[in-house]
Amino acid sequence: MQSNLVKGVIPGVMAGYLFLAYAGGGMQDMVGGMINANDFVGFILHVIFSAIIGALYTAYFAPNVKLGNPLVTIVVGGLIYGIIWWVVGGNLIMPLIAGNDVFQFGLGASFYGHIIFGHALAFLVILRDMAMSE
């Protein structure tokens with residue numbers, strides 16, 4: 001049986017691709033720009049971050065947030081998890097690394113991209129668990 005951390009890696013990467021598809025190349029530039037790198041490095045970093053955040057979802061968030069119904073978990077749990085990472089990642093960690101002001105909370109592509117990520121991640125984890133009968 002796989003550890004709970006490993007179970008979220010592939011769904012996290014897939015949800016990260018959806019995030020980037022929604023937000024466009026500007027997000028890759030922003031992530032790469034944190035360390036003065038190009039958009040390709042930003043893409044690779046975003047994939048790595050998505051894998052880690054997916055792993056954290058299945059290891060810590062999903063087991064501790066019991067919403068009962070899979071649909072409620074996708075809608076509410078995914079929304080909450082996406083917003084958590086919008087606040088922590090997009091409004092705290094990224095600005096700190098880049099040397100910008102923290103907690104600006106702009107409702108742009110980052111906000112909606114993180115919500116899409118959270119919903120997609122929750123959906124993919126539930127789908128994966130149903131397919132694997134776990």
Side-chain angles (χ1 to χ4, degrees):
M1 183 170 172
Q2 293 179 338
S3 78
N4 281 344
L5 276 171
V6 174
K7 289 179 182 180
V9 170
I10 291 174
V13 170
M14 293 171 71
Y17 288 148
L18 290 174
F19 180 111
L20 288 175
Y22 168 76
M27 193 57 59
Q28 293 168 209
D29 291 339
M30 285 177 48
V31 173
M34 289 187 314
I35 58 168
N36 294 320
N38 63 24
D39 62 342
F40 179 73
V41 173
F43 170 76
I44 298 299
L45 286 174
H46 197 273
V47 170
I48 292 168
F49 297 155
S50 296
I52 292 167
I53 292 168
L56 293 173
Y57 177 83
T58 54
Y60 301 108
F61 187 83
N64 293 307
V65 178
K66 304 289 187 202
L67 299 174
N69 181 312
L71 186 58
V72 173
T73 299
I74 292 167
V75 174
V76 177
L79 175 68
I80 292 168
Y81 198 69
I83 290 174
I84 288 170
W85 280 104
W86 173 66
V87 171
V88 172
N91 286 286
L92 178 63
I93 296 171
M94 277 185 63
L96 280 176
I97 291 172
N100 297 328
D101 294 333
V102 298
F103 300 125
Q104 295 300 303
F105 299 115
L107 297 180
S110 177
F111 174 73
Y112 297 110
H114 280 93
I115 290 174
I116 290 168
F117 175 87
H119 284 135
L121 177 61
F123 172 76
L124 291 167
V125 167
I126 287 172
L127 187 65
R128 179 206 168 277
D129 288 350
M130 291 172 71
M132 303 298 277
S133 297
E134 293 181 18

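More than 12 heavy-atom neighbours from other residues, nucleotides or ligands sit within 6.0 angstrom of CE on M27. The number of heavy atoms from other shown groups lying within 6.0 Å of CZ (F103) is above 12. The local environment of CZ in F105 is crowded, with over 12 non-hydrogen atoms from other residues, nucleotides or ligands closer than 6.0 Å. Counting heavy-atom neighbours within 6.0 Å of L56 CG, excluding the residue itself, gives a total above 12.
Looking at every heavy atom in both residues, H114 comes nearest to F19 through N-CE1, 3.1 Å. Across every non-hydrogen atom of T58 and G8, the tightest pair is OG1-N, 3.1 Å. Minimum interatomic distance between M14 and L124 (heavy atoms only, all atoms of both residues): CB-CD1, 3.7 Å. Shown here for S50 and G12, the closest heavy-atom pair between the two residues is CB-O, 3.2 Å. The two residues V13 and A51 make their nearest non-hydrogen contact at CG2-CB, 3.7 Å. Here the closest heavy-atom approach between residue P63 and residue Y57 is recorded as CD-O, 3.9 Å.
Between R128 and K7 the shortest side-chain heavy-atom distance falls below 4.5 Å. Looking only at side-chain heavy atoms (C-beta outward), F117 and L18 stay at 4.5 Å or farther from each other. With a 4.5 Å cut-off on side-chain heavy atoms, I115 and F111 count as touching. At least one side-chain heavy atom of I126 sits under 4.5 Å from a side-chain heavy atom of T73. Side-chain contact between Y17 and F43 is present, with heavy atoms from C-beta onward closer than 4.5 Å.
Relative ring orientation between Y81 and W85 is described as perpendicular, the plane-to-plane angle rising above 60° on a 0-90° scale split at 30° and 60°.
Of the possible polar contacts, none joining the D39 side chain to the G42 backbone as a donor-acceptor pair under 3.5 Å is found. A distance-only check finds a donor-acceptor pair linking the side chain of N91 to the backbone of W86 [under 3.5 Å].
Residue V31 is grouped with residue I97 when hydrophobic side chains (ILVMFWY) are merged at heavy-atom distances under 4.5 angstrom, including chains of intermediate members.
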